[in-house]
Amino acid sequence: MRTGYAPPSAASEESSLMTGMPFRRFVDIILFKAYADLRAERERTYLGFLWWFFEPLMFMAVFWLVFDKVLARGTEDFVPFVLVGLILWQWLRSGISHGSSSVLEAKGLIQQVRLPPVIFPLVTLLSDSVKFGFVLGMLLIVLLITGHIHSWTVLALPAVLLAEFALLCAITIWMSALIPFVPDLRFVTDNILMAMMFLSGIFYDASTLPEPIRTYFYLNPAAFLIQQGREVLLFQRWPDWGGLLLIFSISLVVCVAGAYMLERMRRYYPKLPR
């Protein structure tokens with residue numbers, strides 16, 4: 001009698017996927033695909049991964065030159081103020097912009113491989129988050145050298161980043177589910193993100209706004225998270241823990257609902273016109 005491993009039939013494989021992929025395998029696929037994408041991106045440039053250091057360094061140098069030397073804006077803290085807001089915003093913007101089209105770009109692969117569609121936006125978000133880590137690392141070094149980081153409040157930064165990542169996942173998963181049906185939403189999303197950049201307090205201090213306007217201003221979660229990042233990095237104050245927990249909890253629920261929607265719609269994606 002022949003013994004050994006027998007691969008599962010197509011029916012049993014489909015059944016196991018419909019009842020849910022094991023969490024460890026789910027995570028392994030995301031990590032491997034993100035690593036493969038980052039490695040491919042690294043090999044497309046001569047400098048490889050060193051470019052992930054040089055790019056944020058040049059990015060911060062340009063803003064220092066423009067705001068500090070050319071525009072001569074106010075106090076010496078203005079440049080760090082802008083950099084913290086801009087870097088936190090860029091992570092949100094790039095993740096949504098890149099991840100929203102991930103399912104649309106993977107329509108053919110979804111038809112060939114039985115994978116949960118939510119994997120595709122999560123892979124894109126993880127890749128962008130790794131690159132964001134290099135930018136954040138450079139920012140922390142600059143803030144440390146300039147003496148802005150000198151308090152235990154910096155230990156609260158991971159909580160701010162976790163809340164922002166949850167928000168990023170929630171928005172991106174839902175956009176990736178909808179854009180294959182309405183591709184023009186990509187352009188609408190880009191325009192909304194452009195408007196949100198000026199409504200998130202990146203280049204100005206929201207505390208100077210009139211009280212009624214400020215109340216509505218912080219209903220924008222991006223503005224709230226940018227402010228919390230500045231609280232822990234620049235102002236040596238602990239963040240609003242309740243606000244961070246609220247954003248994280250709501251985003252987590254929205255993520256689960258978005259993943260469920262993607263799974264329900266997966267059968268339709270390969271049939272949509274290109």
Side-chain angles (χ1 to χ4, degrees), residues 13-14 16-18 20-45 48-49 51-52 55-56 87-137 158 161-183 185-186 189-190 193 248 251-270 272 274:
E13 177 71 11
E14 180 175 356
S16 66
L17 287 169
M18 293 303 293
M21 177 182 291
F23 181 74
R24 183 170 180 177
R25 183 185 174 199
F26 180 81
V27 172
D28 286 345
I29 291 174
I30 293 175
L31 293 176
F32 176 79
K33 184 66 168 63
Y35 169 77
D37 289 350
L38 289 169
R39 183 173 180 177
E41 181 177 340
R42 183 198 67 186
E43 292 176 351
R44 286 196 295 267
T45 62
F49 74 91
W51 180 248
W52 300 344
E55 186 177 24
I87 287 173
L88 289 175
W89 167 255
Q90 280 292 105
W91 183 29
L92 196 68
R93 185 205 64 79
S94 63
I96 294 173
S97 181
H98 297 155
S100 295
S101 301
S102 58
V103 173
L104 177 65
E105 295 169 355
K107 285 195 305 182
L109 188 59
I110 290 175
Q111 188 176 22
Q112 300 171 17
V113 182
R114 297 289 297 178
L115 290 175
V118 73
I119 281 178
F120 299 103
L122 290 180
V123 165
T124 304
L125 291 179
L126 181 57
S127 299
D128 278 349
S129 296
V130 170
K131 290 182 282 187
F132 164 74
F134 285 91
V135 181
L136 180 64
L161 299 179
L162 183 61
E164 181 166 349
F165 184 71
L167 176 67
L168 182 55
C169 289
I171 297 173
T172 305
I173 289 172
W174 271 96
M175 292 305 300
S176 68
L178 298 175
I179 281 179
F181 296 99
V182 189
L185 279 177
R186 289 176 294 177
T189 301
D190 289 339
L193 288 172
F248 177 80
S251 298
L252 191 60
V253 172
V254 174
C255 284
V256 174
Y260 176 76
M261 176 62 70
L262 275 170
E263 186 62 36
R264 294 280 293 182
M265 296 293 105
R266 65 170 297 149
R267 71 183 70 177
Y268 302 109
Y269 293 138
L272 295 173
R274 294 186 179 274

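Predicted model only: the values in this text are computed from it and were never measured.
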**Study point:** Results of side chain to side chain contact (heavy atoms under 4.5 Å, CB included) for S102 - residues two or more places apart only
**Key:** F120, P121, T124, S176
**Study point:** Atom OH of Y260 with >12 non-hydrogen neighbours under 6.0 angstrom
**Key:** no
Review point. Within the distance-only criterion (no hydrogens, no angle test), does the side chain of S97 pair as donor or acceptor with the backbone N or O of R93 below 3.5 angstrom?
Key: no
Practice item. Specify the closest pair of heavy atoms between Y269 and A177, including all atoms of both residues, with the distance to one decimal. Key: OH-O, 3.0 Å
Practice item. Taking all non-hydrogen atoms of both residues into account, name the closest pair between A166 and C255 and its distance. Key: O-SG, 3.8 Å
Check your understanding: Is a side-chain N or O of R266 found less than 3.5 angstrom from the main chain of E263, in a donor-acceptor match?
Key -> no
Review point. For T172, which of L122, I96, L167 qualifies under side-chain contact (heavy atoms from CB on, under 4.5 Å)?
Key: I96
Practice item. Report the C-alpha separation of R186 and L104 in whole Å, then their side-chain angles, then the decisive distance to 0.1 Å, and conclude whether the side-chain contact (heavy atoms from CB on, under 4.5 Å) test is met. Key: CA-CA 11 Å; R186 289 176 294 177; L104 177 65; 3.7 Å; yes
Review point. How would you list, by chain and number, every residue that makes a side chain to side chain contact (heavy atoms under 4.5 Å, CB included) with M175, sequence neighbours excluded?
Key: S100, I171, I179, L185, T189
Revision key, fill the gap. In terms of heavy-atom contacts, A170 and V254 come closest through CB-CG1, 3.8 Å
Review point. Would F32 and V123 satisfy side-chain contact (heavy atoms from CB on, under 4.5 Å), going step by step from the backbone distance to the final call?
Key: CA-CA 9 Å; F32 176 79; V123 165; over 6 Å; no
**Study point:** pair F132-L88: side-chain heavy atoms closer than 4.5 Å
**Key:** yes
Point to revise | Spacing of M261 atom CE and L178 atom CG [to the nearest 0.5 Å] | key: 7.5 Å
**Study point:** Salt bridge present between K131 and D128 (N-O < 4.0 angstrom)
**Key:** yes
Practice item. For V27, enumerate each residue passing the side chain to side chain contact (heavy atoms under 4.5 Å, CB included) test, keeping only those at least two apart in sequence or located in another chain. Key: F23, L31
Review point. What distance separates L168 CG from L161 CG, expressed to the nearest 0.5 Å?
Key: 11.5 Å
Exercise for review: For side-chain contact (heavy atoms from CB on, under 4.5 Å), just list the numbers for F165 and L126, CA-CA rounded to whole Å, side-chain angles, deciding distance to a tenth of an Å, and then say yes or no.
Suggested key: CA-CA 10 Å; F165 184 71; L126 181 57; 5.7 Å; no
